[in-house]
Amino acid sequence: MTEVRFYLLDLDYRFRSGKTEVRLWGITDEGKRVVLFDSSLRPYFYVVTEKPEFLEPSLKDVPGVGGYELKQVKLFGKPVNAFKVYVSNLDKLESVAKTVSKLDGSSGVYEDDLRHSQHYLLDYDVRPCGWHVVEVEKVDRDGLKVDGAYKVLTPPKAIEHVGRVAFRVLAFYMVPLPSKGSPKPERDRIACLAVRTNDGLEKVLDSERLSEREVLQRFIEIVDEFDPDIIVGYGTNRRDWEYLVKRAKINGLVLKVGRDGAEPHRSLYGHISIAGRIALDLYDYAEDIPDIKIKTLENLASYIGAEVKAEPLEEPDIAALWATSEGRRRVLEYSADRCRLVMEAFEEFIEYGCQLSNLVCIPLDHVCTAAVGFRVESYLMKCSRLFGELIPKRVEKPYRPYAGAIVLNPKPGLHENIAVLDFRSMYPNIMMKYNVSPDTYVEPGVEVDPEKVYVAPEVGHRFLKKPDGFYREALRRLLEARAEVRQKLKGLNPESAEYRVLDARQRAIKVVTNAVYGYAGWIGARWYRRPIAEATTAWGRETLRKTIEYARSIGLDIIYGDTDSIFVRYDEDKVEKLIRYVAEHEGLEIKPDAIYVRIIFTEAKKRYAGILTDGRVDIVGLEAVRGDWCEAARRIQREVIKIILETGSPDRAVEKARDLIAEVKAGKVPLRELVIWKAITRPIEEYRVRAPHVEAAKRLIKMGWEVEPGDKVGFVIVRGSGKLYDRVQPYQFVKQEDVDYSYYVENQVLPAVLRVLKVFDYDRSSLETVRQKGQMRLF
DNA sequence: GCGCCCCCAATACCG
DNA sequence: ACCGGTATTGGGGGCGCG
């Protein structure tokens, strides 16, 4: 018997010699790559019953049931009896559960909808991207690409951090050679494949110097020799892995890159899995960053501050470039550069990814693709075990909207010295304060001593004051963990490795904390309870109203407010007084978040721009920060805002605006700045209207390009007659001379600029005419 | 046939 | 495949006008 300390990379399971065997893929504290086999968890599900003695005889007779035990568990906080039913053959679990659910005396089956590996993570003290200690015995298991294989004798135990894990990381970037439109693996071969490892290997496999078969062969060999723990790329879940697998097949090869010799495969959740390794797609990372409007690798690179060295290429140009030796050189350079960017972005991401994976208990490759709701849910599932809560099924419920937050009408104009006061984590703290939780909710009609419940304003939902609800406990753990991490951060050097880890940890905790309220109101949630979300926003509105009322009563001038914030004319003493009041009377923390030296409000809510004490300009909600306005309009609006905020003089902004507008009018703007990007949100045939971006998408599709929901299409408005949708072209096909500049002036730049200038009583006539040498020049 | 008004679908933002 | 609140644009229909 030996003791092994290991970091868990990934886990999967197999049916093997009559048992369901979980495979834990990890790295030991000695840097050995290992796999641990654990067959101790028998597949199971629960059946809830009111009359166990009535259900038991028939349960006994159900074929496939391999034992059961009666348990006291909870369902939405309500104690219930349930049999934990073991099933010897995992494949039969579904059908056995179905049979059992129909037995007389059954009040429903639970947890039959969880995968075996999920049960393993829930029931054992095991977390992905975390360290564990385990008692094992060495076994022989051929054909696995590991330094050691072990049988688990007693289930692993999570332990505190042992040391840094030194992952072996391989980045790759594939360039296909499309013949028409989007590249198709059945038709179009690979041009080149750039590979790079974090121990210094850099290679571009060129299908001109080698054959495509040799390129793929070499790639498989590199994976085999280097034996990476993580393989990372950009757009790999959606395209590259499937492409490589298919091209390999066409070339008579099998893309054996798994540590068990298997090919990559698509998992139940949509991402690509590679046995024993983590397949990461940084596209998913980019998707999580709202500041990146168009999710290209270049934009991700510039977001993280990485330098793009090779000239970006457009996919339609690849084939033509590949035909010449000079062009080919450029493609090769491009792929190598992109591969480097993938590796740099990986470095930026990995700490956060691991922390998130560990926190919510979803393996790293899957946590990246998982939507926020599922991350929260996974966290709650792990917490639910501490409560003896059964995990509810996802059941379809009708959508019923409910009231949300308050937004105040701003006072339009230019204001000076404005402080923004924010509630710290308002919704999570409200949920904790009033014990808002699925298991403390008292249904209408149930009689309870009014002293024992909190009653939400406006909506009247009731929640037991005691005991602590499941959400209260789950949120408390998050808030306390974050506070603890932030405390530790204070004493650390921001450059240190430990700081980076802990900072990533606190960011991960924050993301999950802030999503719990939204989760509770999501009809797809296992723990969906509309009254929970409804009560939370009701208390939120009440809290903000009371705060505003008090602020006014002490003479603070309120300029604006949204959900959990108020903007007031900064008066230090009064602000202090307000903070104390909120702490004492609401039990919540409000803090000055920012102070604007100057701030502009239009008539509209959720749109303003201000300059901070350090000179930074903040733009919120306006066209300048929207991805669906062309860059020219955004840039000119940004310029106007900047001048007004820095100088306080709208006049000067108007002058500058005239010049910039004249440039657009004269066509002195790069085409790139005229592209309008809009997302396609559904299959194209489902659109009921002829919108410009939809027409642009249709044109792309006609030319062999794939446009799927979630993709953004870039289009330009060209000269001609008819509706806009008659004059729209995908930007790739537009020549500068065809551009309809007057559209851009009238419908993009002027609206964006006037939005701001109207606040100062300018209208389009102030921008329209430019007096020059005594002459009127009209647009 | 044209301009005007209103409504609606669609998108992206804020917190 | 996280919530509700919000602003905005462009399409399209109905209406009056002559």
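Lettering of chains follows the sequences in order, A, B, ..., and the numbering in each one begins at 1.
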Out of [options], which has the shortest distance to the side chain of [X]?
X        : options                : value
A/Lys712 : C/dG10, B/dA10, B/dA12 : B/dA12
A/Val620 : C/dC2, B/dG15, C/dA7   : B/dG15
A/Pro751 : B/dA10, C/dT9, C/dA1   : C/dT9
A/Arg626 : C/dT8, B/dA12, B/dG15  : B/dA12
A/Pro401 : B/dG15, B/dA9, C/dG4   : C/dG4
A/Ala604 : B/dC14, B/dA9, C/dT8   : C/dT8

Whole-Å distance between [N] [atom2] and [X] [atom1]?
X        : N      : atom1 : atom2 : value
A/Asp291 : B/dG15 : CG    : P     : 13 Å
A/Arg690 : C/dG12 : CZ    : P     : 7 Å
A/Tyr471 : C/dC3  : OH    : C1'   : 12 Å
A/Phe374 : C/dA1  : CZ    : P     : 9 Å
A/Lys295 : B/dA12 : NZ    : C1'   : 12 Å
A/Tyr608 : C/dA7  : OH    : P     : 14 Å
A/Lys723 : C/dG10 : NZ    : C1'   : 8 Å
A/Ile680 : B/dT11 : CD1   : P     : 7 Å

For a quick test of reading the model: is some side-chain N or O of [X] closer than 4.0 Å to OP1 or OP2 of [N]?
X        : N      : value
A/Arg682 : B/dA10 : yes
A/Asn747 : C/dT9  : no
A/Tyr725 : B/dA10 : no
A/His693 : B/dA10 : no
A/Tyr687 : B/dC8  : no
A/Thr681 : B/dA10 : no
A/Arg530 : C/dC3  : no
A/Lys605 : B/dC13 : no

Students often get this wrong, so: under 4.0 angstrom with heavy atoms, is [X] touching a base, only sugar-phosphate, or nothing?
X        : value
A/Gly524 : nothing
A/Tyr743 : sugar-phosphate
A/Ala679 : sugar-phosphate
A/Tyr528 : nothing
A/Val376 : nothing
A/Ala403 : sugar-phosphate
A/Ala405 : sugar-phosphate
A/Gly518 : base

Handout entry: Closest-nucleotide ordering on DNA chain C, the 5'-leading residue of A/Glu603 and A/Leu724
Key =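 Looking at DNA chain C, the more 5' nearest nucleotide goes with A/Glu603.
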Practice task
Indicate yes or no: does A/Lys295 engage A/Asp288 in a salt bridge with an N to O separation below 4.0 Å.
Solution key: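 Here A/Lys295 does not pair with A/Asp288 in a salt bridge, since their nearest N and O are not under 4.0 Å apart.
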Practice task
Run the salt-bridge test on A/Arg638 and A/Glu631 with the 4.0 Å N-O cut-off and return the result as yes or no.
Solution key: yes
Taking the inter-plane angle between the rings of [X] and [Y] on a 0 to 90° scale, is it parallel (under 30°), tilted (30 to 60°) or perpendicular (over 60°)?
X        : Y        : result
A/Tyr285 : A/Phe349 : tilted
A/Tyr519 : A/Tyr471 : tilted
A/His461 : A/Phe463 : perpendicular
A/Trp522 : A/Phe374 : perpendicular

Problem - Pairwise P distance for B/dA10 and C/dA1, with rounding to whole Å - result: 16 Å
Handout entry: A/Thr681 and A/Tyr687: side chain donor to acceptor below 3.5 Å
Key =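 Their side chains do contain a donor-acceptor pair, which is all the 3.5 Å distance test asks for.
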